[in-house]
Amino acid sequence: MVPGAAIFDRRRRERPSVPRVPESICLALGLALILLAWLAGNAWLDRHVLPQTFVPRSRQIVTWAAERTVVVAIGLVLIFPVRRHVGRALRAGRGRDLAFSLLLFVIAGALAMLVSEAVLRTGNWERLERWRAEEEPLRHAEPIVGWVNVPGRVGFETYHGRTIRYDVDAQGRRVADLRRPPDPAQPSILFVGESMLFGYRLNWTETAVARIGAETRLQPVNLSVNGYGTDQEWLRLRQELPHFARPRAVVALFAPMMIERSLYRYRPRLDEDLRWHAAEPGWRLGKLVRKLLPYHSAARIESGIAATRASLIAIVAAAHARGARPLILVPEFGAEQPIERRLREQVLAGLPFVLVRMDPDWAIPGDGHPDARANAAMTRAVVAALKAGVQP
């Protein structure tokens, strides 16, 4: 063979190797995504995604299976059409065009993120902030706890054809009648929790707080505020408990979803040593992404468990110090799932609690909060536990 022809033949054989690196990158990325989806099964979900009270774990599993399917589909797209397109473009000498298109894609993505962040900071989207929500009961910012009920007002909400009345006294406590606030000198039972114990979308007489007060013949004092975590429960109780001369019991609320709330950084919070931390500024877009994809590292979840437990221990100790009986209410729709049981045992070990299993149908339609029937079940369980002097 002529030497020049041999060189030409060798170059022709080597030319297909030009796109091999980019093609290999596409292949590696696609395989990595498929492997990630395969490894991230239900056991992975239990380690990194916390249960939600108003979203059954079974639905979380189905949603996660759909998300894994999407990840597999993206991986297959990278392996086949994208990899082939990249290879053909490079072999045709259009590498610069491909690189320029990729650059434009990255710039467009960055601009989209900036615009989305700007939109999320407008008034209409500030409803993502729990205390800024325009829904009743109204709340406003508070520098230590994060947010509290707007005091001294009566709010009304119409939901599914029912009119709900929220009387909130001058201290931000829900009461039966704004004109008759709690008497600090009377024997009282204090309740500290979030929307479930507040009695969201229920009238006063339907709530567990009102029913328990009637059953025990103790003055009910509802310190609950929508959206609270257990650290906010403790901060709120620490503010209010000294005002009451004769506290007889303190009922706090715990649900596994409250562990996630202890991880929020956009509000003031307490850590596992009960050290107070100010709210940290952050991207609203990041908050929205976390709502859609609530992933946490195993170490972060452990820190949330420790912080949640520390706040509940403080609540129990404060009740004992005032001669009041402490009780932690744990409402559960349907059968308790293994991950929920494990979290409950970790958080509540050695603490006095009552687990209340509620029929999944006992939820407010289209909302998920406990309805009047569920509140009646919570009432029976709490009253029985208090009368029996429940032990951990």
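Using a 4.5 Å cut-off on side-chain heavy atoms (C-beta onward), T63 and V55 make no contact. Contact of the L223 side chain with the R173 side chain is registered, since non-hydrogen atoms from C-beta on lie closer than 4.5 Å. Side-chain contact between R269 and E280 is present, with at least one heavy-atom pair separated by less than 4.5 Å. Within the 4.5 Å cutoff, the side chain of F254 has no heavy atoms near those of the S311 side chain. At least one side-chain heavy atom of N375 sits under 4.5 Å from a side-chain heavy atom of M378. In this structure the side chain of R325 never reaches within 4.5 angstrom of the side chain of R248, judged on heavy atoms. The shortest side-chain heavy-atom distance between S303 and L263 falls under the 4.5 Å cut-off. Side-chain contact check for H160 versus I364: every heavy-atom pair is 4.5 Å or farther apart.
Between the side chain of Q219 and the backbone N or O of G213, no donor-acceptor pair lies under 3.5 Å. Side chain of R322 to main chain of P247: no donor-acceptor pair is present (N/O by atom type, distance under 3.5 Å, no hydrogens or angles). Between the E142 side chain and the I144 main chain, a donor and an acceptor come within less than 3.5 Å of each other. Of the possible polar contacts, one joining the N222 side chain to the L197 backbone as a donor-acceptor pair under 3.5 Å is found.
Residue R342 places its CZ atom among more than 12 non-hydrogen atoms of other residues, nucleotides or ligands, all under 6.0 Å distant. Heavy atoms of other residues, nucleotides or ligands lying less than 6.0 angstrom from CH2 of W276 number more than 12. The 12-atom threshold is exceeded at NE2 of H277, counting heavy atoms of other residues, nucleotides or ligands nearer than 6.0 Å.
Between R341 and E332 there is no salt bridge, since none of the side-chain N atoms of the basic residue sits less than 4.0 Å from a carboxylate O of the acidic one. Ionic pairing of R211 and E215 is not present here: no N-O contact between side-chain nitrogen and carboxylate oxygen is shorter than 4.0 angstrom. The pair D361-R373 does not count as a salt bridge, with every side-chain nitrogen at least 4.0 angstrom from each carboxylate oxygen.
Legend: residues meeting side chain to side chain donor-acceptor pair (under 3.5 Å) with R165, ordered by chain and number and at least two apart, are D167. Here T207 pairs with nothing under the side chain to side chain donor-acceptor pair (under 3.5 Å) rule; sequence neighbours left out. With sequence neighbours excluded, no residue forms a side chain to side chain donor-acceptor pair (under 3.5 Å) with R59. Residues that satisfy the side chain to side chain donor-acceptor pair (under 3.5 Å) test with R96, not counting sequence neighbours, are absent from this structure.
Just one of R201, E157, R174 meets the side chain to side chain donor-acceptor pair (under 3.5 Å) condition when paired with Y166; it is E157.
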Please tabulate, for side-chain N and O atoms in residues 71-80, each donor-acceptor pair with protein atoms closer than 3.5 Å (sequence neighbours left out).
none

Sequence neighbours left out, cut at 3.5 Å: what donor-acceptor pairs do the side chains of residues 98-111 make with other protein atoms?
from : atom 1 : to  : atom 2 : distance (Å)
S101 : OG     : D97 : O      : 3.0

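Between the side chains of E260 and Q52, at least one donor N or O lies within less than 3.5 Å of an accepting N or O. Neither side chain, N203 nor T205, offers a donor N or O lying under 3.5 Å from an acceptor on the other. A donor-acceptor contact under 3.5 angstrom links the side chains of Y200 and E135, judged on distance only.
Taking the six-membered ring wherever Trp is involved, the centroid distance between the rings of W44 and Y295 falls below 6.0 Å.
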